[in-house]
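Input: a single structure, listed below in structure tokens.
Keep in mind that this is a model prediction, so the values were computed, not measured. Quick note: numbers below take in every heavy atom, side chains included, and nothing from hydrogens, waters or symmetry partners. Proteins get letters first, then strands, A, B, ... in listed order; numbering begins at 1 in each.
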There are 4 protein chains.
Amino acid sequence: MIVVMRRGAEQAEIEHMAQRVESLGLKAHIIVGAEQTVIAAIGDKRPETKESLESGPGVASVMPILAPYKVASREVKPESTQVVVRDLKVGAGCLGVMAGPCSVESEEQLITTARAVKKAGATALRGGAFKPRTSPYAFQGMKEEGLKLLAAAREETGLAIVTEVMSPEDVELVAKYADVLQIGARNMQNYRLLEACGRVDRAVLLKRGPAATIDELLLAAEYILNEGNQNVMLCERGIRTFETHTRFTLPLATVPYLHQKTHLPVVIDPSHGTGHAYLIEDMCAASVAVGADGLIIEVHPKPEEAMSDGYQSLNLDQFAQTMTKCRKVADALGIEM
Amino acid sequence: MIVVMRRGAEQAEIEHMAQRVESLGLKAHIIVGAEQTVIAAIGDKRPETKESLESGPGVASVMPILAPYKVASREVKPESTQVVVRDLKVGAGCLGVMAGPCSVESEEQLITTARAVKKAGATALRGGAFKPRTSPYAFQGMKEEGLKLLAAAREETGLAIVTEVMSPEDVELVAKYADVLQIGARNMQNYRLLEACGRVDRAVLLKRGPAATIDELLLAAEYILNEGNQNVMLCERGIRTFETHTRFTLPLATVPYLHQKTHLPVVIDPSHGTGHAYLIEDMCAASVAVGADGLIIEVHPKPEEAMSDGYQSLNLDQFAQTMTKCRKVADALGIEM
Amino acid sequence: MIVVMRRGAEQAEIEHMAQRVESLGLKAHIIVGAEQTVIAAIGDKRPETKESLESGPGVASVMPILAPYKVASREVKPESTQVVVRDLKVGAGCLGVMAGPCSVESEEQLITTARAVKKAGATALRGGAFKPRTSPYAFQGMKEEGLKLLAAAREETGLAIVTEVMSPEDVELVAKYADVLQIGARNMQNYRLLEACGRVDRAVLLKRGPAATIDELLLAAEYILNEGNQNVMLCERGIRTFETHTRFTLPLATVPYLHQKTHLPVVIDPSHGTGHAYLIEDMCAASVAVGADGLIIEVHPKPEEAMSDGYQSLNLDQFAQTMTKCRKVADALGIEM
Amino acid sequence: MIVVMRRGAEQAEIEHMAQRVESLGLKAHIIVGAEQTVIAAIGDKRPETKESLESGPGVASVMPILAPYKVASREVKPESTQVVVRDLKVGAGCLGVMAGPCSVESEEQLITTARAVKKAGATALRGGAFKPRTSPYAFQGMKEEGLKLLAAAREETGLAIVTEVMSPEDVELVAKYADVLQIGARNMQNYRLLEACGRVDRAVLLKRGPAATIDELLLAAEYILNEGNQNVMLCERGIRTFETHTRFTLPLATVPYLHQKTHLPVVIDPSHGTGHAYLIEDMCAASVAVGADGLIIEVHPKPEEAMSDGYQSLNLDQFAQTMTKCRKVADALGIEM
């Protein structure tokens with residue numbers, strides 16, 4: 001940590017802060033500059049100490065040197081993590097595709113979709129049974145009934161099941177039916193939920209919140225990892241910016257950035273990331289090219305009649321066409337898909 | 001709702017969409033423009049229908065006319081809601097001040113703060129016992145022990161107690177000790193938690209998420225209101241923008257905007273909204289001038305030693321000085337404080 | 001345009017606004033809804049009228065239907081524009097690569113770079129002679145001396161020259177040496193400069209401002225197009241968001257979105273868009289896959305010694321490797337490069 | 001400057017970077033940490049060197065310590081600058097109010113407004129003669145004819161004249177008629193314009209660009225100050241964020257932050273900052289309370305008929321009422337207005 005003193009900070013203030021640093025178990029190096037003095041605080045990382053040092057007398061700012069996350073970092077585990085669930089392989093050179101409807105609506109809707117996405121090359125079926133909805137007046141999902149339909153679709157197709165869990169008390173129930181527990185963007189910092197997902201034997205897909213920094217995403221992942229569950233996939237699904245022509249802004253640079261910082265695989269969600277069906281094919285191809293380890297895509301037999309997210313769902317033909325394009329890029333770049 | 005058809009949309013597409021609109025129980029008015037046709041869909045609001053209409057053939061976009069929230073709206077309840085808990089009065093011309101440490105750390109820290117903020121004019125004591133922390137390695141709060149200290153401070157000072165609840169299963173416990181349940185920014189869309197807080201007999205302080213739109217904030221409030229709890233305060237604590245010289249960007253225009261849209265009172269949190277102690281006094285005065293119904297301010301006897309948020313905590317003298325300035329503005333504008 | 005009246009707007013207000021609409025030469029359709037009345041204003045687009053209508057009595061909001069831009073729109077010109085300058089071809093199925101140093105620094109630096117980027121497959125050389133610098137204390141460019149070096153490099157290599165022009169009075173001078181005039185992000189709404197570039201016989205590369213909406217970008221392009229110059233390329237170089245791990249946030253969805261709205265080609269600048277050399281190769285590949293018509297990339301023989309933008313410049317080997325990867329993707333997708 | 005080396009950086013890389021630092025005329029202190037090594041580079045500020053250091057071998061990041069601006073800083077000039085033009089006084093305890101129409105439209109419109117704003121307490125008249133418009137199809141201003149009307153209004157009322165200049169070649173003409181040259185948000189980084197305004201004997205009002213950081217704003221001010229003109233006012237007019245219920249997001253914390261960093265006065269523009277007439281009164285009062293040195297407000301006799309910005313213009317009565325409220329706050333806080 002670097003404690004930057006104000007220009008004109010008094011000697012007593014500088015000494016006080018050096019002592020504060022030492023009292024936190026860190027070693028203080030005072031460096032007197034031409035205009036400002038800085039104190040380098042050397043030692044194990046202690047991000048929480050930053051908070052109090054900043055209010056010390058004469059302090060201009062405190063700059064952390066070390067990343068705040070640990071077990072998710074590539075420094076701790078240099079080799080890439082691959083999450084494998086049935087035929088779904090995500091990470092370490094393999095691109096896994098999870099596809100299906102936003103909400104599970106009926107047996108027919110689900111099984112039709114499941115067959116089609118499997119035929120087109122997906123290895124996991126996504127579908128929401130518990131739906132977090134911005135409005136209390138919107139469709140809230142089929143709940144356990146939906147989970148049963150998902151399990152039945154797995155029975156027939158062999159696809160791994162990805163579905164959202166919204167609350168710690170639902171984790172056990174959802175884990176009974178699902179292969180991958182999805183933690184939605186709204187819940188990225190719902191720490192009790194993260195901890196509960198860290199204690200079950202199911203892979204977890206953790207979505208980035210729309211205002212979360214990458215450090216915050218990785219710290220959220222650590223809440224899961226620290227409970228023992230190492231099968232964590234990170235998912236970029238777009239951030240909130242001033243742009244309105246897309247629902248969110250989908251920053252694909254997240255992928256190579258995360259690949260440098262963490263061993264966890266990175267999945268892209270171009271459905272939420274763009275919010276418009278006609279943008280998804282190209283953004284899927286770009287996601288493959290940028291090195292994403294997985295894709296999660298909303299697909300519906302009749303988007304116009306979908307009970308949620310119809311505007312960003314591909315129909316079955318569009319999805320097949322998207323997969324064809326993605327495979328061309330993957331083949332060209334030597335990515336297993 | 002206005003369904004805007006693409007330039008060059010075919011007559012069959014227009015008719016199809018008009019029928020879709022009617023099938024949703026709305027009345028369709030087709031308006032043929034010089035360049036584009038629009039279909040006005042008249043009837044009760046159904047925000048969820050927007051999602052499917054947008055994927056209809058020939059549709060360019062769908063524009064909602066009505067606000068998505070209902071019971072929080074001023075149209076439904078024109079008179080302003082005032083939340084009253086012990087001596088704390090928030091809304092309808094009264095400005096309530098909630099002050100105290102970020103985290104409850106010890107009996108002495110808490111009672112010292114409680115006495116000082118009461119003396120300076122606060123009517124509620126804030127303090128975190130369950131702390132949602134970005135990092136799993138940071139101090140997570142004293143939990144029930146902290147709640148007991150808060151209750152003891154109320155016993156001595158008469159201040160109302162405001163404290164955060166992080167999970168549905170904690171609501172009962174926290175409600176046992178607290179007067180106001182705070183829902184933090186990270187949990188603004190934790191719907192199970194919102195519903196649980198809607199079912200207890202405690203006032204609720206709902207913080208805006210840093211990427212939440214105002215509509216999303218009001219819809220979150222409706223999750224609480226719809227369960228029966230009408231004592232809801234909204235809290236603006238800053239949004240995430242590209243600015244880095246403040247921790248968040250605190251948009252005070254939220255106050256007059258919300259006052260027009262909703263009857264619920266609006267509280268400002270300049271501590272999180274700026275992230276720097278030296279900006280808080282001026283932003284408090286501005287909050288009073290803009291018409292805020294309440295202030296929630298972090299105060300610590302020794303910010304430099306605080307276990308969390310020290311850099312944005314006022315010390316006892318700074319808080320007293322801030323209150324003096326706020327009172328001048330309130331008096332000048334006829335606000336009861 | 002749709003004029004949305006407030007709930008409870010009086011009949012006289014509604015009639016007044018209908019008359020205002022008619023007085024602007026538009027036809028007014030009054031549609032009485034269950035809760036609110038809207039007035040559809042039909043006729044030629046007049047974006048400027050929106051501004052005054054919104055302050056009318058009883059008006060809640062005014063929603064434009066038509067896009068504000070015209071001659072840039074694909075509706076006006078359905079076939080894609082291809083900009084051709086020497087061997088540089090951008091648009092309509094061709095991907096052009098412009099590469100070179102941020103600043104022209106010396107003859108040797110420039111010619112070394114020019115030879116290397118040509119060999120690797122670029123068809124244009126970029127390099128700044130007039131440098132807009134955030135700080136008045138930073139290197140401001142070699143000015144005309146730099147232009148001469150660029151022209152000399154063209155002489156030897158045949159590469160088209162792309163360089164920035166900062167002010168209307170420099171347009172003639174820069175056009176004397178350059179093939180493509182670059183308008184930087186800071187000047188996207190410098191209308192005098194746009195107009196001046198619209199009057200010369202040189203292609204123009206117009207960069208999106210970091211806070212500009214797509215509509216604003218297209219309206220800026222119209223300032224150029226309306227003066228007669230049709231050889232305009234749009235350039236996405238990233239927007240300002242809360243993210244700090246990249247210099248800007250580079251939203252590749254801009255490409256398919258713009259392809260739907262405009263006939264103008266779209267170039268991606270991953271150097272400014274990410275701000276870190278190690279992210280550029282993957283983002284270039286993704287740009288090709290998403291359908292970009294061009295790439296503009298900062299390349300320097302010794303990035304560590306660059307007088308500007310060293311941290312986001314590829315060295316000569318990295319550039320060659322990037323081109324190899326891009327060509328694989330382009331070949332796989334049938335893009336000419 | 002702090003050069004942070006990557007974890008595992010080799011000794012040779014560390015030494016290389018230390019030499020690079022020394023070769024830039026700075027003194028290098030190598031500090032070996034538990035996990036990472038940092039090199040503190042001590043000496044005069046050289047922000048431009050940051051750019052090349054970051055691309056050095058083994059470098060993780062480079063963190064500047066010193067602010068990049070100089071002559072605008074309060075460290076260089078501790079006492080606050082007050083800009084005085086006729087009766088307009090801005091800064092150092094005085095709050096100046098500039099009010100008037102967005103565009104000068106006619107003699108009657110202007111003089112009516114001028115009389116009314118003077119009567120209500122404004123000391124300067126704002127009005128646009130050269131209008132930068134997002135759309136080439138919108139009203140572009142009356143140009144010199146408008147300037148003459150402004151001068152005539154000054155003749156009658158004694159109000160100082162504030163008007164925008166868009167291009168370096170117009171500076172002389174505009175300076176002939178105006179007392180204060182306004183540089184619009186779109187031109188904040190139009191360096192030629194900044195320099196031209198720095199060479200005339202007129203006060204300058206420099207507006208913050210909607211994506212500009214505070215450091216960028218202060219560096220833009222230095223382009224003016226360095227040419228000799230010290231009469232510079234900074235203006236916060238809102239930044240671009242994800243919020244859509246206001247036209248921009250107006251962060252009032254800019255005022256106390258800038259007051260700490262710079263001696264230049266800070267003006268707030270609540271008209272552009274909110275974009276809605278009904279939000280302006282409260283935001284003006286808040287601006288006074290937060291310590292702003294000036295206000296610039298759009299006022300029009302008939303906003304509904306304004307040729308630009310009608311939706312954010314106060315009518316004459318609303319302006320008088322706003323001034324009354326502001327004066328109450330100013331009086332309560334001992335601010336001269």
Side-chain angles (χ1 to χ4, degrees), chain A residues 20 45-48 50-57 62 68-70 132-140 166-170 186-195 209-213 215-216 219-220 222-223 226 239-240 276-277 300 303-313 315, chain B residues 20 45-48 50-57 62 68-70 132-140 166-170 186-195 209-213 215-216 219-220 222-223 226 239-240 276-277 300 303-313 315:
Chain A
R20 280 285 297 154
K45 182 173 55 69
R46 301 242 205 145
E48 61 278 25
K50 174 179 183 298
E51 303 190 1
S52 63
L53 288 174
E54 265 192 11
S55 56
V62 179
Y69 46 87
K70 293 175 185 168
R133 302 305 300 273
T134 303
S135 168
Y137 312 114
F139 175 61
Q140 307 274 326
M166 284 173 62
S167 200
E169 67 259 35
D170 296 338
R186 292 174 184 83
N187 278 318
M188 192 200 87
Q189 295 187 312
N190 182 336
Y191 301 118
R192 294 289 169 81
L193 177 60
L194 297 173
E195 288 162 352
T213 64
D215 277 9
E216 289 169 346
L219 284 166
E222 300 232 332
Y223 270 95
N226 282 341
I239 58 171
R240 206 150 232 175
H276 295 290
H300 195 284
E304 197 189 354
E305 295 174 13
M307 296 178 82
S308 58
D309 282 3
Y311 51 90
Q312 68 187 28
S313 295
N315 66 30
Chain B
R20 282 283 300 154
K45 182 173 55 69
R46 301 240 206 143
E48 61 277 26
K50 175 180 183 299
E51 302 190 1
S52 62
L53 288 174
E54 264 191 11
S55 55
V62 178
Y69 46 86
K70 292 174 186 169
R133 302 304 300 274
T134 302
S135 168
Y137 313 114
F139 175 60
Q140 307 274 327
M166 283 174 61
S167 199
E169 67 260 34
D170 295 338
R186 294 174 182 81
N187 278 319
M188 192 201 86
Q189 295 187 312
N190 182 338
Y191 300 119
R192 294 288 168 82
L193 177 61
L194 297 173
E195 289 163 351
T213 64
D215 277 10
E216 289 169 348
L219 284 166
E222 300 232 332
Y223 270 94
N226 282 341
I239 58 171
R240 206 150 231 176
H276 295 291
H300 194 285
E304 198 190 354
E305 295 174 12
M307 296 178 80
S308 57
D309 283 3
Y311 51 92
Q312 67 187 28
S313 295
N315 65 30

(request) Identify whether the distance between the nearest side-chain nitrogen and carboxylate oxygen of A:Glu216 and B:Arg186 falls below 4.0 Å. (result) no
(message) Is A:Glu195 close to chain B through its backbone or its side chain, or both, or neither, when contacts mean heavy atoms under 4.5 Å?
(response) neither
(message) Tell me which of these, B:Gly209, B:Ala211, B:Pro136, has more heavy-atom pairs under 4.5 Å with chain A than the rest.
(response) B:Pro136
(message) Taking side chain as everything from C-beta outward and backbone as N, CA, C, O, which of these in B:Asp170 sits under 4.5 Å from a heavy atom of chain A? Side chain, backbone, both or neither.
(response) side chain
(message) Counting heavy-atom pairs under 4.5 Å with chain B, which one of A:Glu304, A:Met188, A:His300, A:His276 comes out on top?
(response) A:Glu304
(message) Given 3.5 Å as the limit, does a donor-acceptor pair link the side chain of A:Arg192 with the main chain of B:Glu169, or not?
(response) no
(message) Under the criterion side-chain contact (heavy atoms from CB on, under 4.5 Å), I'd like the reasoning laid out for A:Met166 against B:Gln189: C-alpha separation, chi angles, the key distance, then a yes or no.
(response) CA-CA 10 Å; A:Met166 284 173 62; B:Gln189 295 187 312; over 6 Å; no
(message) Which atoms of A:Ser313 are under 4.5 Å from chain B, going by heavy atoms: the side chain, the backbone, both sets, or neither?
(response) neither
(request) Please name the pair of heavy atoms, one in B:Ser167 and one in A:Pro168, separated by the smallest distance, quoted to 0.1 Å. (result) OG-CG, 4.2 Å
(request) Indicate the atoms forming the closest heavy-atom contact of B:Thr134 with A:Tyr191, along with that distance. (result) CA-OH, 3.2 Å
(request) Could you tell me which non-hydrogen atom of B:Arg240 sits nearest to which non-hydrogen atom of A:Ala212, and how far apart they are? (result) NH1-CA, 4.1 Å
(request) Any chance you could measure A:Leu193, atom CG, to B:Leu193, atom CG, to the nearest 0.5 Å? (result) 12.0 Å
